[in-house]
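For reference, the structure is listed below as structure tokens.
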Amino acid sequence: MIDLRSDTVTRPTEGMRRAMLEAPVGDDVFGEDPTVNRLEEYVAELLGKEAALYAPSGTMTNQIGVHVGTGRGDEVLLHEGAHIFIYEVGAPAILSSVQLHTLSGEKGVIDPETLRAAVRFENIHFPRSRLLCLENTHNTAGGTVYPLEDFAAVAGAARELGLRVHLDGARLFNAQAATGIPAREWCEHADTVSVCSSKGLGAPVGSLLAGDEESIAEARRVRKAFGGGMRQAGVIAAAALYAFEHHVERLAEDHKRARWLAVGLREAGYAVEPPETNLVLVEVVRSQEFLQALAHEGVLGTPGKPGFARLCTHLDVCNELGTDEGIQRVVKACLRASEAISSLRR
Ligand code: TLP
């Protein structure tokens, strides 16, 4: 089986498992886990922020970011395709009692004018617009990079309007690998930043929220309230640290394979969005049926945006997709799946 559902399916490497085995640990709720402390310092430094907090998932670090950036009844502005809006179970309503206000924009990019028009002015009837959430790379747009200039422009507009900015950077290092721009340059324009060790970086679990000392001190309380206080978490933090130290550079390999896959699929007649990072969006009709048929052919994918299937390259398929033969295996599986459901678009 070639599993292209997500880069979350990666399993820890030998080196990573060794780091986990050897990690010194303590009780992290007491702030006494040396490996967690090292990880938090490392990531804060990497992102150019004063402090960072380790949590079980990207959903949790996003939700903590939403919570520390808002009060009950406030409004959060974000793209209509944002992970926080689509894939986080309605958590902003459950955990923070906030209202989401979605905005449109090409490839997950929000125009400063769109933001300005959407932000509420002071009026007794209106909720208070308080937080802008941005996503880089943008998952539902197909792993697209948020151009730094556009990011700075909309974040600058948000600040002028008195909003805080949260960055969902689950795949921020893919943006770095694709452009050569250090991740911290996007972070400069955000108050809080969530990054995941468990996506393309290949750790089994864990995400971090970075920001200024005050926000992260508050985030630590919120993490505990959300049930994310962990004890000897150094065992998993060691894997995350290993991932940040060893697996950032290699993301370019996943991007290369995504491009090869896109070329192969296009040559076979599919409409494919040009991949900027490690997500390939292939246009298919009846994507659910296509994916079922594809699984039957030994390849797993997930639904992308409507009308598209998403194939994700990652560490665990790097060797398999490192040859033309491997790429063709996936392409042929797609063709057979399309034939099986007669959905091929040429
Ligand atoms: N995304 C997963 C699924 O939830 C869709 C995937 O396979 O892509 N922000 C972004 C942009 C994400 O893509 C994800 C995971 C998260 C946050 C949440 O991370 P976790 O799964 O750690 O809660």
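Every number for a ligand or one of its atoms is a count from 1 in the order of the listing. All figures in this text were calculated on a predicted structure; none of them were measured in a lab.
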Distance only, no hydrogens: is a donor on one side chain within 3.5 Å (strictly under) of an acceptor on the other, for [X] and [Y]?
X: H166; Y: T192; value: yes
X: N123; Y: H125; value: yes
X: R72; Y: S97; value: yes

Filter the ligand 1-protein atom pairs down to N or O on both sides and distance under 3.5 Å, then list them.
residue: ligand 1; atom: 1 (N); partner: H83; partner atom: NE2; Å: 3.2
residue: ligand 1; atom: 4 (O); partner: H83; partner atom: NE2; Å: 2.9
residue: ligand 1; atom: 7 (O); partner: S6; partner atom: OG; Å: 2.7
residue: ligand 1; atom: 7 (O); partner: R310; partner atom: NH2; Å: 2.9
residue: ligand 1; atom: 8 (O); partner: N139; partner atom: ND2; Å: 3.0
residue: ligand 1; atom: 8 (O); partner: R171; partner atom: NH2; Å: 2.8
residue: ligand 1; atom: 8 (O); partner: R310; partner atom: NH1; Å: 3.0
residue: ligand 1; atom: 8 (O); partner: R310; partner atom: NH2; Å: 3.4
residue: ligand 1; atom: 9 (N); partner: D168; partner atom: OD1; Å: 3.1
residue: ligand 1; atom: 9 (N); partner: D168; partner atom: OD2; Å: 2.7
residue: ligand 1; atom: 13 (O); partner: N139; partner atom: ND2; Å: 2.9
residue: ligand 1; atom: 13 (O); partner: R171; partner atom: NH1; Å: 2.9
residue: ligand 1; atom: 19 (O); partner: K199; partner atom: NZ; Å: 3.1
residue: ligand 1; atom: 22 (O); partner: G58; partner atom: N; Å: 2.8
residue: ligand 1; atom: 22 (O); partner: K199; partner atom: NZ; Å: 3.0
residue: ligand 1; atom: 23 (O); partner: G58; partner atom: N; Å: 3.4
residue: ligand 1; atom: 23 (O); partner: T59; partner atom: N; Å: 2.9
residue: ligand 1; atom: 23 (O); partner: T59; partner atom: OG1; Å: 2.6

Side chain to side chain donor-acceptor pair (under 3.5 Å) partners of residues 323-337, not counting sequence neighbours, each pair once |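 Of all non-adjacent pairs touching residues 323-337, those that pass side chain to side chain donor-acceptor pair (under 3.5 Å) are E297-R336.
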Quick one: salt bridge (Lys or Arg N to Asp or Glu O under 4.0 Å) partners of E289, sequence neighbours excluded?
->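 Testing E289 for salt bridge (Lys or Arg N to Asp or Glu O under 4.0 Å), a comparison that skips the adjacent residues, returns R286.
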Please report, to 0.1 Å, the donor-acceptor pairs under 3.5 Å made by any side chain of residues 232-244, with sequence neighbours excluded.
none

